[in-house]
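All remarks here apply to the structure that follows.
Just so it is clear: chains get the letters A, B, ... in the order the sequence lines come, proteins before strands, and each one is counted from 1.
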Amino acid sequence: MGRIKEIAKGARSLIGSMGVTLKHLKDEPVTVEYPAERAPISPLQRNAIRLIEKEETPGSHNCIACLQCEKICPSNCISITGYRPEGLAMKRPETFDLNFALCSECGLCLDVCPTATLGYTKVYDKAGYTRADFFHDLLEEYRETEEQVVEHLREADRRKKAEREAKRKAEAEAKAKEAGDAQ
Amino acid sequence: MAELIQIASDEDRDTFYLNMGPQHPSTHGVLRLRLHLKGERILSAEPIIGYSHRAHEKMAENRNYIQFLPNPSRVDYLSGMIYSIGYCQAIEKAIGLEVPERAEYIRVICNELNRISSHLLWFGTFLLDLGGVTPFLYCFDDREKILDLLDLVSGSRLTYCYGRFGGLVNDVTDDFLEGTARFCTAFRERLREYDRLVTQNVIFRNRTIGVGVMRPELAQQFGITGPCLRAMGMARDVRRDEPYGIYDRFEFDIPTRTASDCFDRYLVRIAEMEQSMRIVEQALAKLPDGPIMAKKIPRKIAPAKGEYYFAVESARGHFGMFIVSDGSEIPYRIHLRTPSFANLSTMRTVLPGTLLADTVSILGSIDIVLPEIDR
Amino acid sequence: MKETPPPPANATTEELLTQLGPLVHLDVLENLLNQARARSLWPLTFGLACCAIEMMAAGASRFDMDRFGSGVFRPSARQADVMILAGTISRKMGPVVKALWDQMPSPKWAIAMGGCTIDGGPFKYPGQYAIVEGADKIIPVDVYIPGCPPRPEALINGLLMLEQKIKAGKKFHV
Amino acid sequence: MTPRTFNDIFGNPYLAVLAATTVIMGYLTVNALMIIWMERKVAARMQRRLGPTERGKFGLLQSIYDMGKLIGKELITPTHVNKGLYLAAPVLVFAPVLALCSLIPVSQSWVFHDYDIALVLLLAFSGLAVIGIFSAGWGSNNKYSLMGAVRSVSQTIAYEIPLILSALAVVMMAKELNLYQIVAKQEGLWNIVLQPVAAVIFLISATAETNRAPFDIPEAESELIGGFHTEYSGMRFGLFFFAEYSNMIIACSLATVLFLGGWHGPLLPGILWFFIKVYALIFVMMWFRWTFPRIRFDQLLSFSWLVLTPIAIANLFVTAVVSKLV
């Protein structure tokens, strides 16, 4: 008898399992039909890095080629060379290359960037036929506006310098006045 | 791979060697098992590892403490959050860095979510090894929800690099908190469904009950930890024994079973998922406001000369980091004590005498992650 | 039929043969087969490391590679069409990957998924001893997918790109 | 009541064989492709996926592309195989299927071949496929294949017995071995009502006979990689694949004939009823496959010898007593 009971119990459990799959047969599929529709992606989704447009430099990035990101990158996937344009306090990058194939998406470069000009691209489904597809030239989109921006920065620098000078002059005058008052 | 095997006697003619792996659907990656079989009965088994050796420990000696951050989550990619945050906690302890309250709570939430997702993946692949495809896809469905949540805060789906020395990269959003709470309620329902689909299923029970029994003395001999140890009836858990972070503030049980077979290891993990949800819910209720990064973070991360050991409870067991510092920014040596390696070592003693089909279920039940074994 | 210019009078037999092309044209059949091949890519059940989990996720309910006919994971290399190299190839694994590739019947394709299989990824550093720096050092790779690990969408995109490549047949140029 | 057969149409038996082979091949191909598509769709929906959608309307062309691809694949013959057995195996597996299919009465007016002891022939032939499987396993000279083959043989032997015993219960009631007459006698009352136990045993054994999950241990992906067909590529593998699904059709057709009253049913024409029933059974088989984990080999055998066979014998005994009394 025990054996028959056991078999009956087993059969009942199997029918129970079949009930679960049958229940899901009626359910709506959860599939996102990828190329046609795309599931929302996290706004923080890590990916290849890019230079983002900054307020201080309209139309362009504000990379100062400080090489912090290059230094901290654990997998050496960033390489930058910088130059100093005439009459500018800060450097500008001449080349900014990323070998995305080496990247481990740790985000350390974003942490160290002093001007917060690094961000992530939103292309999360990249694939390519050759290895060369993943050498990103991050300056590509900004190359045309580079000269204007340098000009703009120069302007800003000059303005800042002038302001500083004016301030210093004012301070000196104030000091002189103070000194005069004290006397 | 030519390994010449001498046929010693006529008795050996009935037996044969079977090379299982490195490419085999149920060796969970690239493990290779050399099985000595008589018919389907296993006479001896030898796991051969190293097919996934990526030299994580060696890499640590070539870069500074910060640059090693992306690595821990790749050592064990299934519980990457626990590993990477564990590494941060180890370094914080070594240099004596205080972490803000809020960051600690978020770390606990993320860790426990990651533990659930790791157990879910184990659950799915275990069933896949046993031949049940559908539970695997249900698990991935639930796991996908956790990944969405973790993606929302950390920006990665699998190999998280969310922790930093002294805190976290990003603060959590309301979406995340609401989503986590929603997930917990929905997942309880799903667990009941799994119970009907799998736990009660007589085929599953027959395949797991009494299979792959680990004798308790193995625990000491090999240093078994995690769910495998708890299925032996020993309530050991790093979160309780030597609480790290703020785990001492939460109420949770350590589920144990006594038979130490595949079925018990299964039940322990299912119960652990429930406990993890309990912790998550408590942490959500208590989550304070405040900063997520410590105020004063030294620019130079360089622990004082000496040796440091720090352990966390990963989804697979006791994960320890042994750090030797020579006082510079670059670690002298980092040794990772990983649970799967110890658990896998028992296979030599557990597998002989079982059937080939059991090999698959036993191997599945101990939940190994290959890069973590090979480091 | 395309008109071919007449061969020069002093051409050797070999030159003649190369210029005239094959005597029997199987282009139509080949194209038809390519259409079928492109639409039924069965991957090999083969995971190396982290990316394998994302490969599994791509086959699971949310992303469902089976929509494109690629959901039939074959555990035996003899029955697979495409090898998805998901994860780091260690030096010890290299020969195994090569052996598996040789076991697959032609025509066969390979997808390198993740940074490790493209270039060594995060595990590449001067003086490393453990990994093969790029899958294409041991087998020919058709499509590369960057990321660490790439999202499942990227894998599906890679499969679709491979499909384009197969469909184009000989006309395919990068 | 006798049906029309190919012999009646052509007169010449040789011509009839030729015609029947062609028609059966077409019939099997269409059905197998249909079932493969259905399998993928059913699996997908149970797993809350979509399944093939992109290739043709609802992915209907997917199976055809798969077949085209398999035809265009390289046929690898590994150097270490036993060539004769290795090459013969796919044919040996597929050949009985053709013979079996011809014996199934699909509608009341038409069968491929009307034969008085069709049931005996069917059950005999269904055991023949295992020779093909074994020669595949042995000929491949691969340990996994061999293990798959050995498993397959013992499994087939174990499940043949409850299969035959449960079919015998029907024969006892119908007092007939002609499948056409067995169906004809079920008008009004299907055998499943009188023989529910036999029907369940038959379905389970038929699932095991066709090597379908949860009884798919001869090919057990997660244990034996591909089992007996590990070493086969291209269309040779395709034939195994094809034979598996064709066997499914035959097993379900036989179950329909024996227990579900074949073509009987209200309103719709007989042939449609037949297919509805066959596909319903196929759905049940798929339902099994996508719900259960795989049974372990020794449990599979003890399930057959210790559970199914005794029940089938008891059922046969009861049937014998009852049919004598009535």
Side-chain angles (χ1 to χ4, degrees), chain A residues 20-21 23-25 27-50 70-79 97-109 120-136 138, chain C residues 50 54 57-68 71 84 88 109 111-126 128 133-137 140-165 168 172-174:
Chain A
V20 175
T21 39
K23 200 186 111 223
H24 283 294
L25 191 65
D27 282 359
E28 195 62 22
V30 292
T31 309
V32 178
E33 290 183 67
Y34 154 66
E37 57 173 311
R38 282 153 192 263
I41 295 289
S42 158
L44 300 172
Q45 175 67 41
R46 288 187 188 168
N47 217 317
I49 50 165
R50 61 186 284 267
E70 191 184 319
K71 262 179 223 143
I72 200 156
C73 181
S75 29
N76 298 326
C77 56
I78 303 172
S79 54
D97 295 331
L98 168 74
N99 184 358
F100 185 45
L102 295 180
C103 176
S104 60
E105 297 170 19
C106 59
L108 289 174
C109 44
Y120 296 113
T121 53
K122 296 285 170 216
V123 189
Y124 57 83
D125 55 353
K126 195 169 160 57
Y129 292 117
T130 59
R131 269 161 96 143
D133 288 3
F134 317 118
F135 294 111
H136 296 242
L138 301 193
Chain C
C50 333
E54 289 298 70
S61 301
R62 170 82 69 92
F63 301 101
D64 193 11
M65 259 154 65
D66 205 21
R67 286 180 295 133
F68 304 95
I84 301 177
T88 323
W109 298 275
I111 293 180
M113 184 183 183
C116 300
T117 48
I118 299 173
D119 223 354
F123 301 100
K124 183 179 175 179
Y125 61 91
Q128 66 83 14
E133 290 179 0
D136 45 9
K137 295 210 164 143
V141 175
D142 293 275
V143 173
Y144 300 83
I145 305 165
C148 193
R151 286 181 68 90
E153 283 105 331
L155 178 58
I156 293 174
N157 189 23
L159 274 169
L160 293 176
M161 278 176 76
L162 180 60
E163 189 188 320
Q164 295 302 326
K165 182 172 180 173
F172 181 82
H173 296 292
V174 178

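- Distance alone, capped at 3.5 Å, is enough to place a donor-acceptor pair between the A:T31 side chain and the C:S61 backbone.
- Within the 3.5 Å criterion, the main-chain N or O of C:N157 finds no donor-acceptor partner in the side chain of A:D125.
- Here A:R131 is the residue among A:R46, A:R131, A:E105 with the most heavy-atom pairs under 4.5 Å with chain C.
- No donor-acceptor pair under 3.5 Å is formed between the side chain of C:Y125 and the backbone N or O of A:N76.
- Here the side chains of A:E33 and C:D64 are not in contact, with every heavy-atom distance at 4.5 Å or above.
- Going from atom OG1 of A:T130 over to atom CD1 of C:I118 covers 10.0 Å, rounded to the nearest 0.5 Å.
- With a 4.5 angstrom heavy-atom cutoff, C:E133 touches chain A only via backbone atoms.
- Between atom CG of residue C:D119 and atom SG of residue A:C77 there is a gap of 10.5 Å, rounded to the nearest 0.5 Å.
- The part of A:F134 that comes within reach of chain C is its side chain, from C-beta onward, which places non-hydrogen atoms under 4.5 angstrom from that chain.
- Atoms OH and CE, on A:Y129 and C:M161 in that order, are 4.5 Å from each other to the nearest 0.5 Å.
- Looking at C:L160, the atoms closer than 4.5 Å to chain A (heavy atoms on both sides) all sit in the side chain, from C-beta outward.
- For the pair A:R38/C:E153, no side-chain contact is recorded, criterion being any heavy-atom separation below 4.5 Å from C-beta on.
- Atom-to-atom distance recorded for C:L155:CG and A:Y34:OH is 10.0 Å, nearest 0.5 angstrom.
- The two residues C:C148 and A:C103 come nearest to each other via the heavy atoms CB-O, 3.5 Å.
- Residues A:S104 and C:P122 come closest through the heavy atom pair CB-CG, 3.4 Å.
- Interface residue C:R62: backbone and side-chain heavy atoms are both found under 4.5 Å from chain A.
- Across A:P35, A:P74, A:P29, the residue that shares the most heavy-atom pairs under 4.5 angstrom with chain C is A:P35.
- The most heavy-atom pairs under 4.5 Å with chain C, out of A:L102, A:V123, A:N47, come from A:L102.
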